[in-house]
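Have a look at the structure below before the remarks.
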Number of protein chains: 2
Amino acid sequence: MPRDVFSALADPTRRQVLDLLSRRERAAGELGRAFPHISQPGMSRHLRVLREAGLVRVRQVRRHRYYSLQTDRLAEVDAWIAKYRGFWATELDSLEAYLDARPRPRKDRPR
Amino acid sequence: MPRDVFSALADPTRRQVLDLLSRRERAAGELGRAFPHISQPGMSRHLRVLREAGLVRVRQVRRHRYYSLQTDRLAEVDAWIAKYRGFWATELDSLEAYLDARPRPRKDRPR
DNA sequence: CCATCGCATAACCATATTGGTATATATTGT
DNA sequence: ACAATATATACCAATATGGTTATGCGATGG
């Protein structure tokens, strides 16, 4: 079933897995060995979450399952963040000037 | 205590709150009324998570607590995603060509 | 002062998530 | 056919999360 991409990224281990995959594809066991404090089934389930979120693909070759990055969904996250990029790009960290420059939408009445 | 920014972003309601704040600062109650299906304490706790993640600031004016965006941490998330931006930017969605151009990691022997 | 507003916290509950051990399944080597 | 390899699933305990109601508390208005 489809998973929320943001939730999938909420786990630091899963983000690190994606970091590894960003360099090259890797077999499940190879990924598991990169995180010695996590058991094999533990890693397998992290990979499942990433699969269900559409963040990775699997390709079976002989006995191995090679995971690789699927970037479409990451692009969605990037699109979400893009809305905010202007804030720090323009050094407008205090926000105040930006807000004051707007036409004051008048948000007093609830609906 | 410090919160993980990615976990804070994992909740859709909290992302919508940030979307609202990206336009202008808002009082807590104003934010609450924007989500009629969530109780006042519910929203208050979402705001706490956002505070602890450093994603918002609060400014108290008379009886109201005005929340506004704090973009530093979002910039961190953006920096993380930036590493992947090249993937979809270069139309290399299938990844295969990219991987095949590499020297075959030969991952048969465990260690 | 006292009531009320605006919001946070506390206490509680249901569900989700994460991690572990044990086990299943599929593929390959002998 | 059998053992070994590679990975996934089942099951369970511990904790985290998100929501609700009840309550606390500072600030304000009468």
Side-chain angles (χ1 to χ4, degrees), chain A residues 1-18 20-21 24-68 107-110, chain B residues 1-18 20-21 25-68 105-111:
Chain A
M1 282 290 143
R3 279 247 184 188
D4 179 41
V5 185
F6 285 91
S7 323
L9 294 181
D11 186 274
T13 302
R14 289 196 287 266
R15 290 198 297 276
Q16 285 183 258
V17 167
L18 293 181
L20 285 176
L21 293 181
R24 57 187 119 92
E25 73 172 356
R26 289 173 197 255
E30 198 180 347
L31 290 168
R33 268 173 265 116
F35 301 84
H37 58 291
I38 293 186
S39 66
Q40 178 266 315
M43 176 56 63
S44 186
R45 275 182 301 103
H46 277 308
L47 293 174
R48 165 145 78 155
V49 172
L50 291 172
R51 259 188 283 123
E52 290 176 348
L55 288 165
V56 296
R57 298 201 204 93
V58 206
R59 176 173 72 98
Q60 178 125 17
V61 175
R62 298 167 49 83
R63 281 191 264 195
H64 300 258
R65 289 172 81 82
Y66 289 100
Y67 281 84
S68 58
K107 198 57 215 89
D108 282 349
R109 290 189 53 259
Chain B
M1 287 294 144
R3 278 248 183 187
D4 179 40
V5 185
F6 285 90
S7 324
L9 294 180
D11 185 273
T13 302
R14 289 195 288 266
R15 289 197 299 275
Q16 285 183 256
V17 167
L18 293 180
L20 285 176
L21 293 181
E25 75 172 356
R26 288 174 197 256
E30 199 180 346
L31 290 168
R33 267 173 267 117
F35 301 85
H37 57 293
I38 293 186
S39 66
Q40 179 265 314
M43 176 55 63
S44 186
R45 286 196 344 184
H46 278 308
L47 293 174
R48 166 144 78 155
V49 172
L50 291 172
R51 258 187 284 124
E52 291 176 349
L55 287 166
V56 296
R57 297 200 206 95
V58 207
R59 175 172 72 97
Q60 178 125 17
V61 175
R62 295 166 52 85
R63 281 192 264 196
H64 300 260
R65 306 194 107 218
Y66 288 100
Y67 281 85
S68 59
R106 295 297 269 101
K107 203 43 222 116
D108 281 349
R109 290 190 51 260
R111 44 201 302 259

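All chains are named by letter (A, B, ...) in the order of the sequence lines, taking the proteins before the strands, and each is independently numbered beginning at 1. Below, all heavy atoms of this structure are taken into account, side chains as well, without hydrogens, waters or symmetry copies.
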task = Give the B/S/- string for nucleotides 5-11 of chain C, one per nucleotide from 5' to 3', where a protein heavy atom under 4.0 Å of the base yields B, of only the sugar-phosphate yields S, and otherwise -.
result = BSBBB-B
key: salt bridge (Lys or Arg N to Asp or Glu O under 4.0 Å) partners of residues 4-13 of chain A, not counting sequence neighbours, each pair once   =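 Every pair satisfying salt bridge (Lys or Arg N to Asp or Glu O under 4.0 Å) with a residue in residues 4-13 of chain A: Asp4(A)-Arg15(B).
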From dT28(D), dG19(C), dT20(D), nucleotide with atom closest to His46(A) side chain = dG19(C)
task = State which of dG29(C), dG18(D), dT20(D) makes the closest approach to the side chain of Arg62(A).
result =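 Looking only at side-chain atoms, Arg62(A) lies closest to dG29(C).
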Euclidean distance, atom [atom1] of residue [X] to atom [atom2] of [N] [Å, nearest integer]:
{"X": "Leu50(A)", "N": "dT18(C)", "atom1": "CG", "atom2": "C1'", "result": "14 Å"}
{"X": "Ile38(B)", "N": "dT20(D)", "atom1": "CD1", "atom2": "C1'", "result": "12 Å"}
{"X": "Gln60(A)", "N": "dT27(C)", "atom1": "CD", "atom2": "P", "result": "7 Å"}
{"X": "Phe35(A)", "N": "dG19(C)", "atom1": "CZ", "atom2": "C1'", "result": "15 Å"}

query = Rounded to the nearest 0.5 Å, what separation is found between the CD atom of Glu25(A) and the CZ atom of Arg59(A)?
reply =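 It is 4.0 Å, given to the nearest 0.5 Å.
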Counterpart residues, side-chain contact (heavy atoms from CB on, under 4.5 Å), relative to [X] (two or more places apart):
{"X": "Arg45(A)", "value": "none"}
{"X": "Arg48(A)", "value": "Arg51(A), Glu52(A)"}
{"X": "Val49(B)", "value": "Arg3(B), Ala8(B), Arg14(B)"}
{"X": "Ala34(B)", "value": "Leu20(B)"}

query = dG20(C) phosphate, OP1 or OP2: any side-chain N/O from Ser39(A) under 4.0 angstrom?
reply = yes
